[in-house]
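Note: hydrogens, waters and symmetry copies are ignored here, and every other heavy atom, side chains too, is used. Numbers here are sequence positions counted from 1. Here the structure is a predicted model, which means the values were calculated and not measured. Whatever order the structure lists them in is the order used to number ligands and atoms, beginning at 1.
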Amino acid sequence: MRNSSPLATLALVLAISLASISSHAAGDNTLEVFSWWTAGGEAAALDALFNVYKKQNPGIEIINAAVAGGGGSAARPVLQTRLAGNNPPDTWQTHPGLELMDQYVDPGYCEPVTELYKSNDWENAFPKELVVNLMTKDRKIYAVLAGVHRGNVLWYNTKLLEKNGIKVGDKMSFDEFFADCEKLKAAGIPALGVGDSGIWASAELFENTLLGVLGPKGWSDLYAGAMQWDDPKVKEAIKLFARMLDYANPDHFALSWDQAIKALMEGKVAFSSMGDWADGEFVAGHLKEKEDFGWVNHPGTDGSFIVVADGFALAKNAPHKEAALAWLKTVGSKEAQEAFSPLKGSIPARTDVDRSKFDLYHQWSMDSFSKDKLVASCVQGEAAPAAFRQALNDAVTAFIADRNIDNFANTLVEAAKESQLKK
Ligand code: GAL
């Protein structure tokens, strides 16, 4: 400032003070939304929610605080640090069940949103088994669901399968799947696309396979402690998981989940077992259902629906509480639910939406949700505490390297004890 004139100095001072006034003003009219939705389909769907919100709440500026990394593997630690440091975003993405209750509600980070359910007449609009069983404590509800993903879907590249003489029916068994894998292997094609640079994607492949062997009854026995993690059936699932890994793309550690789906879209791999956020990638890539890509239950899991629901919670002492309440009202509105899920791959959490607005995949998933057995996901934080989920991820990482079935099972027996999964 050595050479500046008094006038220039005055202008600079004015500019600085005006900037601070306007940033203060903007600060009051903002809403900070935290999530991990940054992949193509995820970002498009989040944007659709933002657009409905902006229409319903003109003048409020949204701060998109998304942290990249599928399954929230990078976002959740950032969120924990912010919550522990009393610096919460106004609202954040969370899975109902133990993730919401253990990590956020019990430590006192959330404000209940029960009033919204009353004032918007939502009590009958959302499935009770999700709201009451997974999001309520002491008769207070703690989140609003945006959508419900199905975790156990096997996606495939239709043209690549046709070229290799493979036809997929309405259901898929393990034997059928491995027979297809062998054909593809003989043609030099990695049958299974995996992107486990965040290890959860392989843990999800295991979780889906485990359900395929145990069925929904065995699943609830396992998580209720009535079956142990070294049960012969669990070991059978670990064996099948290892067999599947033998058909995976060699570069799986280098890819994220959405890069693995991209490999499927490009015909580099044939199948991918992934929750139906994958459908968001097909939609974003303008692929045609059936013609370009298809889907079927993950082997053995026909009749079951692994629920991976996405909700938003309200921060206690939210910096912009009114704007955050308005956000949750938008998320739960019919308009937002109908705008979000077609792009995200989930089905709306509300059961009163217009089905004709949804494509074939969504209708298939809606049917499955209404008639199949619903089970909660461990990999996505609903069925088990965070410590067990982490132990499962670590055990999967170790197993990929050593393929030791007993080690895998015994580690999980110990982890279940330590994290107090009921015995
Ligand atoms: C899940 C989440 C989905 C999807 C997926 C991949 O945890 O529920 O909405 O975003 O991660 O990032």
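Among E99, E204, E382, E42, the residue whose heavy atom sits closest to atom 4 (C) of ligand 1 is E42.
Looking at residues two or more places apart in sequence or on another chain, you find a salt bridge (charged side-chain N to carboxylate O under 4.0 Å, His left out) between K137 and D106. With sequence neighbours left out, N317 forms a side chain to side chain donor-acceptor pair (under 3.5 Å) with no residue at all.
At least one N/O-N/O distance between G71 and ligand 1 falls below 3.5 Å. Considering backbone and side-chain atoms alike, Q380 places an N or O below 3.5 Å from some N or O of ligand 1. Between D310 and ligand 1, at least one N/O pair is under 3.5 Å apart.
Close approach of ligand 1 to V308 is summarised as follows: ligand atoms under 4.0 Å from at least one heavy atom of the residue are 8 (O). In the vicinity of G70, heavy-atom distances shorter than 4.0 Å reach the ligand 1 atoms 12 (O). When each atom of ligand 1 is checked for a heavy atom of K344 under 4.0 Å away, the hits are 3 (C), 4 (C), 9 (O), 10 (O). Of all atoms in ligand 1, numbered sequentially from 1 with element shown, those under 4.0 Å from a heavy atom of H95 are 1 (C), 2 (C), 7 (O), 8 (O).
Partner R150 forms a side-chain hydrogen bond (donor to acceptor under 3.5 Å, both in side chains) with one of S365, S368, S304 and no other, that one being S368.
In this structure, N87 places its CG atom where more than 12 heavy-atom neighbours from other residues, nucleotides or ligands lie under 6.0 Å away. Within a 6.0 Å sphere centred on NZ of K235, other residues, nucleotides and ligands contribute more than 12 heavy atoms.
At least one side-chain heavy atom of M244 sits less than 4.5 Å from a side-chain heavy atom of P299.
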